[in-house]
Amino acid sequence: MLDTEKDPVRPARGKVSHPSMQPVPLISSVQRIVLYETKARFFLVGSNNRETKFRVLKIDRTEPKELVIIDDKVEYSQREVRELLSMLDVGNRATRPAQKGGAGLTRTVSAFGIVGFVRFLEGYYIVLITKRRRVAILGGHTIYKIEDTSMIYIPNDSVRNAHPDESRYVKIFQNVDLSSNFYFSYSYDLTHTLQFNLTAACNFLPFGRTRKHDKQMDSADDDDDVDDDDYEEEDGEEEGTKDHVFETSEESGDEKIDESVPNIELEKGHICGVQNSPEYKYVWNSHMLEKFEDRVHPDWRMSIIHGFCAQSNVCVYGRPVFITLIARRSILFAGTRFLKRGANCEGQVANEVETEQIVHDASVLSLGSGRYTAYVQMRGSVPLYWSQDITTMMPKPPIGLDLADPYTCVAGLHFNDMMKRYGAPVIILNLVKKREKRKHESVLTEELVSAINYLNQFLPPQHAIQYIAWDMASKNVNVMERLGEIADRVVMKTGFFKSGPHLYCTKLRPEEKYSEMQGVTEESGRRQTGVLRTNCVDCLDRTNTAQFVTGKVALAFQLYSLGVLEDPKLEFDTDAIRVFEELYEDMGDTLALQYGGSQLVHSIQSYRKLTPWTSHSRDIMQTLSRYYSNAFSDAEKQSAINLFLGVFLPHEGHANLWDLPTDYYLHHTYSRGDFPRIRRSYTQWWELPVLRALPLPQDEVSRDHRDGQVVHWGSKDDERLDEFSEYYRPFQLTMFEDLFVSNMPHSIKDFMPNPSDPKSDPCPFAVRKTTGKFGFGSGRKAIGATPPTSAAPEDNSSSESDVSSEDDLTSSATPISPLSSSSTHVSFKDLFQTMKETYGVSINNMEAMERKDLSVYRRYVMIGLNASKQFTDPKGVPRARKTLTEFYPTSAFKIDSSREVIPPTVDKRSKKVYEEYLELGKTGHTKPITREDFEVYRGYVSKKYK
């Protein structure tokens, strides 16, 4: 146990930050790829969106089993890359007509990114993203879902050594459907939380950094001393380049830091772009990047996550407020329901998913200048050695504890990793049944309580693991009310993340609960410390409902901190919560399909007692689907996951994947004899740096993540730093109705009441028992539904769906099509108002029309006929049209017609006001508030709340 007198627990060390400079995510310069081939090589030509900068990768096709990649790390212009391709084409053409293999340079496929390279028993394959779709926008940074991929064999046919088992491995590998819930971004780091992305970069970057400052910082910890000689200057890729990569030498462990960074910082108008090293725990293509990422420029690398991602627009009287839900599934101890239970010897648990809900004001585009809030929670199997015997063919196989762990080493490893990533307190919400006639789930509860009591003996009391247990299957209990009480206590203890200074309205009208909330409160915002870990047996149905209730409580605080709500409270029967519930239902169904083989058996509405009796048939079908999947298809799915993640590596002469009786030794390294060199203490189960950083996560205060960090310095107009141009793309022809925001699948407009009703309140936080024109829950869409048909197909990456023109080379994969939700019938009259209601005129029957209505309709037709002043007669001679209706100009324009408009003159003062308005939307409010502004705001508040 730690002796606090001899070895005191020190707080987190000082952080390197710069109050006047907020780093922005670095935008990748490789977003479009074209694969060219010759007989001897593949050429990957990557370009930015504007197609003004290009990079080239060369892959050797003459090696049968080795991957030879050459990156010249030269940035080409459009003219230079054309000349290069032309030279390659000419050089590879046959000198004689009869010579084979002289077809020159052939364009093979167009793509939007490289998933990675994989090899089985023959040569390497390259996996490319050939189709993508936008699913979310965060501060101008787009998150895409993979829609289709292409898997291409690299070696030439002349050097290929065929193996009889190769095709079977390829088929197993492709059972992992990359078109089903895999996501990526060219700029935003999806593997880290928003709190890490917005705060950790400031801590790691050497803003105004000097050796003296480093000595002062390192003197707090003797273990991290760095000598002056450790700093070495590292040249860029070429002269004038301002990219810097922080690396660690394998031999000495010394950090390489470019000393020119502080000088660049002082230049006026320069900003900093950062690309952090990803959290490989959530990178599902990490195995396919191992032979690739260290050899090429970082922009070729793409981190792909698996889980769920969706976004909703809660429009508050015209103010766009986006709710984004991201679920990251861990690659460690990953698998299917009955085949992966509990934890492995390294403390990694099955079905571990990190859930993050991000709420931000979308009226400000910039990620650094806008106001963003986030709340993180996680789910995972009970961290013990346990499993279920599936050979008995029972709906609920008996639970058995596989190994005795008297010192709870596995649980200690798991909770140490949690405190390292999330800080303290770690709160466990255990939803496993307590009382049973026959012991089944309660076996896990007893062991988990014993493990937590043992681990808490050696932790400081203020950082102890907190345990909450509640049986959701209890009868005569209001489930939502009880979960709401638990969630309220949890959110008050962990707090949530908020970027930017606190709004003055929260200071003017302080809320007691908001001011008493724990976490870390700073002038620049708030930080979440600790996390809620929810589990049941499967971590599916009950866990999803508990996470929804916790997210609902956190959502109220997030909206209050943004100035949207007057107090942090939200009722269930509101449009905002219905949209929020739809997001969590979709996430629960998606995660249940990935782990359990079916959608949720018990939805959120089931626990709210709102589902009709007809939904019982759906629950029965989902139960049967889950049982069938677990009994017949989970083994094949588990083998595909093991091969995809590199847990199993095929070797010639060794046992094949389908011949293994079990994959136990693949996920438990101790069973192979790979024991750690240093034996962990039975009492000091935590790492000392983790404990010193508490309550903050060690990942956010340490400098370990600076290894591999890419830093780019440039002006605001730099393409790799310009969030505005990355989102709006002014170099392309786009229309507002084609933007993702206009076609967002989850939107408050699906639940709003009929606008023609003068008594209806369009506020999304107004309590309504019914939801107007669509009915309750009818806005819910099936998982994997296609994007809205109103969105035009994207051309040159300008819209929502990017499709490669080479469809014959894409390996299309059919997504899972679950049962669609039942919806209320909506008639045409419910969707659109009649002409009588809209214009006060009825023209259903021309013969029965009143003379007044006919006169109004005739004038309406003449307006269209007289919109143009000229027409062309049958002889082709333009003539003036005889005006049948006199029009009087009511516009401020001198000429106002459908063909020609002369805009009015604008004075300098009005032009300045408009320019300031546009600048406010791009960078947020940067000017200091004057006394006059303060008095106006005080008068407004006192008048409204007196």
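Between the His192 side chain and the Ser277 main chain, a donor and an acceptor come within less than 3.5 Å of each other. For Asn285 (side chain) and Met302 (main-chain N/O), a donor-acceptor pair under 3.5 Å exists by modelled atom type. When atom types are taken as modelled, the side chain of Arg301 and the backbone of Glu293 share no donor-acceptor pair closer than 3.5 angstrom. The backbone N or O of Asn181 lies less than 3.5 Å from a partner atom in the side chain of His306, making a donor-acceptor pair. Using modelled atom types, one side-chain atom of Ser499 and one backbone atom of Tyr372 make a donor-acceptor pair closer than 3.5 Å. Remark: the backbone N or O of Phe415 is not paired with any side-chain donor or acceptor of Trp685 at under 3.5 angstrom. Judged by distance alone, the side chain of Lys433 and the main-chain N or O of Thr445 form no donor-acceptor pair under 3.5 Å. In terms of modelled atom types and a separation under 3.5 Å, the side chain of Gln388 and the main chain of Pro397 share a donor-acceptor contact. For the pair Thr373 (side chain) and Val359 (backbone), a donor-acceptor distance under 3.5 Å is present.
In this structure, a donor-acceptor pair under 3.5 Å is present between the side chains of Gln357 and Gln558. Judged by distance alone, the side chains of Gln377 and Thr534 never bring a donor and an acceptor atom under 3.5 Å apart. Side-chain atoms of Asn276 and Asp189 include no donor-acceptor pair closer than 3.5 Å. Side-chain atoms of Gln195 and Gln528 include no donor-acceptor pair closer than 3.5 Å. No donor-acceptor contact under 3.5 angstrom links the side chains of Arg341 and Asn351, judged on distance only. For Asn642 and Gln638, the side-chain atoms include at least one donor-acceptor pair closer than 3.5 Å. For the 3.5 Å distance criterion, the side chains of His602 and Asn544 fail to qualify, holding no donor opposite an acceptor.
The shortest side-chain heavy-atom distance between Pro298 and Gln275 falls under the 4.5 Å cut-off. Put simply, the side chain of Val479 reaches to within 4.5 Å of the side chain of Trp470, judged on heavy atoms. Glu352 places none of its side-chain heavy atoms less than 4.5 Å from the side chain of Phe333. Counting heavy atoms from C-beta on, the side chains of Arg692 and Val701 never come closer than 4.5 Å. For the pair Ser524/Thr199, no side-chain contact is recorded, criterion being any heavy-atom separation below 4.5 Å from C-beta on. Proximity of Ser303 to Leu190: side-chain heavy atoms (C-beta onward) are nowhere separated by under 4.5 Å. The side-chain heavy atoms of Leu194 and Tyr188, taken from C-beta on, include a pair separated by under 4.5 Å. No side-chain heavy atom of Lys552 sits under 4.5 Å from any side-chain heavy atom of Tyr584.
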Throw together a table of side-chain donor-acceptor distances under 3.5 angstrom for residues 514-521, partners on residues two or more places apart or in other chains.
from	atom 1	to	atom 2	distance (Å)
Ser515	OG	Glu511	O	3.1
Ser515	OG	Glu512	O	2.9

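In this structure, the separation between CG on Asn535 and CG on Leu540 is 12.0 Å, given to the nearest 0.5 Å. From Thr408, atom OG1 reaches atom OH of Tyr682 across 11.0 Å, with rounding to the nearest 0.5 Å. Taking OH of Tyr375 as the start and OG1 of Thr494 as the end, the distance is 3.5 Å to the nearest 0.5 Å. With rounding to the nearest 0.5 angstrom, the CG atom of Asn430 is 7.5 Å from the CD1 atom of Ile452. Residue Asp417 holds its CG atom at 10.0 Å from OH of Tyr422, rounded to the nearest 0.5 Å. Once rounded to the nearest 0.5 Å, the distance linking CD of Glu354 with CD1 of Ile305 reads 9.5 Å.
Here salt bridge (Lys or Arg N to Asp or Glu O under 4.0 Å) pairs that include residues 485-498, with residues two or more places apart or in two chains, are Arg482-Glu485, Asp488-Lys513. Under the salt bridge (Lys or Arg N to Asp or Glu O under 4.0 Å) criterion, the residue pairs touching residues 444-470 are Lys439-Glu446, with sequence neighbours excluded.
The side-chain contact (heavy atoms from CB on, under 4.5 Å) test with Leu532 is passed by exactly one of Ile427, Ile486, Ile428, Val491: Ile427.
The residues Arg337 and Asp538 are annotated as salt-bridged, a charged nitrogen and a carboxylate oxygen being separated by less than 4.0 angstrom. Between Arg542 and Glu441 there is a salt bridge, since at least one side-chain N of the basic residue sits less than 4.0 Å from a carboxylate O of the acidic one. The pair Arg328-Glu279 fails the salt-bridge criterion, with no side-chain N (NZ, NE, NH1 or NH2) lying under 4.0 Å from an Asp/Glu carboxylate O. Under 4.0 Å is where a charged nitrogen must lie from a carboxylate oxygen, and between Asp663 and Lys340 at least one such pair does.
The side-chain contact (heavy atoms from CB on, under 4.5 Å) search around Tyr665 returns Leu660, Ser671, Arg672, not counting sequence neighbours. For Ser681, the side-chain hydrogen bond (donor to acceptor under 3.5 Å, both in side chains) criterion is met by Thr683, not counting sequence neighbours. Under the side-chain contact (heavy atoms from CB on, under 4.5 Å) criterion, Leu332 pairs with Lys281, Ser330, Gln348, not counting sequence neighbours.
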Between Asp405 and Tyr407, is a side-chain hydrogen bond (donor to acceptor under 3.5 Å, both in side chains) present by the stated rule, with each step listed? CA-CA 6 Å; Asp405 192 8; Tyr407 298 103; over 6 Å; no
Decide side-chain contact (heavy atoms from CB on, under 4.5 Å) for Leu448 and Leu444; before the verdict, give the C-alpha distance in whole Å, the side-chain angles of both, and the deciding distance to 0.1 Å. CA-CA 6 Å; Leu448 181 60; Leu444 299 176; 6.0 Å; no
Show your working on side-chain contact (heavy atoms from CB on, under 4.5 Å) between Val353 and Gln594 and close with a plain yes or no. CA-CA 11 Å; Val353 181; Gln594 295 167 6; over 6 Å; no
Audit row: Phe648, Ser639, side-chain contact (heavy atoms from CB on, under 4.5 Å) steps and yes/no: CA-CA 9 Å; Phe648 176 85; Ser639 298; over 6 Å; no
Steps toward side-chain contact (heavy atoms from CB on, under 4.5 Å) verdict (Phe497, Leu198): CA-CA 10 Å; Phe497 171 73; Leu198 292 185; 3.9 Å; yes
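Ring to ring, Tyr280 and His287 are not that close: their centroids are 6.0 angstrom or more apart.
In this structure, Ala546 and Leu429 approach most closely via the heavy-atom pair CB-CD2, 4.1 Å. Here the closest heavy-atom approach between residue Pro23 and residue Val274 is recorded as CB-CG2, 3.6 Å. Scanning all heavy atoms of the two residues, the minimum distance from Ile641 to Gly335 falls at CD1-CA, 4.0 Å. Closest heavy-atom contact between Ala487 and Thr550: CB-CA, 3.6 Å. Leu431 and Cys536 make their closest contact through CB-CB, 4.2 Å (heavy atoms, listed as atom of the first residue, atom of the second, distance). Here the closest heavy-atom approach between residue Ile465 and residue Asn456 is recorded as N-OD1, 2.8 Å.
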